[in-house]
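Counting begins at 1 with the first residue of the sequence.
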Amino acid sequence: MNRTTVRRTTLAAGLALVLGLGATAQASAGAPRSVSGKPSDNITRIADFYGAYIDAVNDEGSGALQDALRAHYLTPAFQKELDAWEERNHANGVLRAQNVPLAWKVTDNGSTADRTEAVITLTWSKDSTSTLVVDMTRGSHKIFHIGDKGLGAK
């Protein structure tokens, strides 16, 4: 390196420190993210279902996976109810929409001795979200209701 290159490098490094560019680059890397859960927890199970289901809907040619996820996570009676809802509304009953959200969030909305209720927030764009309420049995860990309101609000 010649003297001019060394000066420019030193000047650039000094400016980066003064302007905080070094800290920004380091902070943007961030700490590793983690997600945890357990199969006995209904909120975890609801989050697992929505994550896998949205992935399946988003991936072309994965209709069999969508059906398998429904069979695994939904009660048989609710699967029939959902099929009827979809026929009437020409939309995906799990998402209550014709398209696929960009992101989702599951929030615990309370439990009783028989069921767990969760609020699902679906993000469609920067300024557009919708919410659904999902009820799951505590014993069999099966979803038996998806709607605008929870069963306690009816």
Side-chain angles (χ1 to χ4, degrees), residues 13 16-154:
L17 288 174
V18 169
L19 296 174
L21 297 177
T24 302
Q26 199 171 23
S28 68
R33 294 176 46 199
S34 64
V35 176
S36 63
K38 53 187 177 180
S40 62
D41 178 64
N42 278 354
I43 297 300
T44 299
R45 292 181 71 90
I46 292 168
D48 289 346
F49 169 67
Y50 267 85
Y53 190 82
I54 289 168
D55 285 349
V57 173
N58 200 41
D59 296 342
E60 286 188 41
S62 59
L65 179 55
Q66 292 174 51
D67 293 342
L69 288 166
R70 285 180 181 221
H72 182 76
Y73 283 97
L74 309 179
T75 64
F78 186 61
Q79 288 178 60
K80 289 178 184 175
E81 186 180 320
L82 207 55
D83 289 342
W85 186 95
E86 290 175 335
E87 186 70 28
R88 285 189 313 274
N89 293 281
H90 307 287
N92 185 303
V94 172
L95 303 174
R96 297 294 202 245
Q98 292 178 334
N99 52 356
V100 184
L102 300 174
W104 52 269
K105 180 173 80 170
V106 176
T107 305
D108 190 343
N109 201 37
S111 297
T112 67
D114 299 329
R115 65 180 173 81
T116 299
E117 189 172 276
V119 174
I120 313 302
T121 303
L122 301 172
T123 301
W124 305 99
S125 69
K126 181 182 173 193
D127 299 321
S128 177
T129 62
S130 63
T131 58
L132 300 171
V133 180
V134 174
D135 290 285
M136 178 178 270
T137 63
R138 291 181 60 82
S140 68
H141 304 291
K142 298 281 187 178
I143 293 171
F144 65 95
H145 170 260
I146 297 172
D148 296 330
K149 296 180 182 174
L151 295 177
K154 285 187 173 181

State, yes or no, whether a side-chain contact exists between [X] and [Y] at a heavy-atom distance under 4.5 Å.
X: Asn92; Y: Gln66; result: yes
X: Arg96; Y: Ser130; result: no
X: Val94; Y: Val57; result: no
X: Glu81; Y: Phe144; result: no

*Test Ile43 against every option in Val106, Val134, Asp48 by the side chain to side chain contact (heavy atoms under 4.5 Å, CB included) rule and name the one that passes.*
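Of Val106, Val134, Asp48, side chain to side chain contact (heavy atoms under 4.5 Å, CB included) with Ile43 is met by Val106 alone.
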For [X] against [Y], the heavy-atom pair lying closest together:
X: Val133; Y: Gly150; answer: CG1-CA, 3.3 Å
X: Tyr50; Y: Ile146; answer: OH-CD1, 3.5 Å
X: Gln98; Y: Ala91; answer: CG-CB, 3.9 Å

With rounding to the nearest 0.5 angstrom, report the [atom1] to [atom2] distance, [X] to [Y].
X: Ile54; Y: Leu69; atom1: CD1; atom2: CG; answer: 11.5 Å
X: Thr75; Y: His145; atom1: OG1; atom2: NE2; answer: 11.5 Å
X: Ile46; Y: Ile120; atom1: CD1; atom2: CD1; answer: 6.0 Å
X: Leu102; Y: Leu122; atom1: CG; atom2: CG; answer: 10.5 Å

*What residues, two or more places apart in sequence or in another chain, satisfy side-chain hydrogen bond (donor to acceptor under 3.5 Å, both in side chains) together with Asn42?*
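Only Thr116, His141 meet the side-chain hydrogen bond (donor to acceptor under 3.5 Å, both in side chains) criterion with Asn42.
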*Residues in side-chain hydrogen bond (donor to acceptor under 3.5 Å, both in side chains) with Arg115, at least two apart?*
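Counting only residues at least two positions away or on another chain, Arg115 forms a side-chain hydrogen bond (donor to acceptor under 3.5 Å, both in side chains) with Glu117, Asp135.
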*Does any pair with a residue in residues 66-123 pass ring-ring contact (aromatic ring centres under 6.0 Å, His included), and if so which ones, sequence neighbours excluded?*
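Every ring-ring contact (aromatic ring centres under 6.0 Å, His included) pair that includes a residue of residues 66-123, provided the two are not neighbours, is Phe49-Tyr73.
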*Ignoring hydrogens and angles, tell me if any N or O in the side chain of Arg138 forms a donor-acceptor pair with the backbone of Asp114 under 3.5 Å.*
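Judged by distance alone, no pair lies under 3.5 Å.
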*Any sub-3.5 Å donor-acceptor pair from Thr137's side-chain atoms to Lys142's backbone N or O?*
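Yes, because the side chain of Thr137 sits within donor-acceptor range (under 3.5 Å) of the backbone of Lys142.
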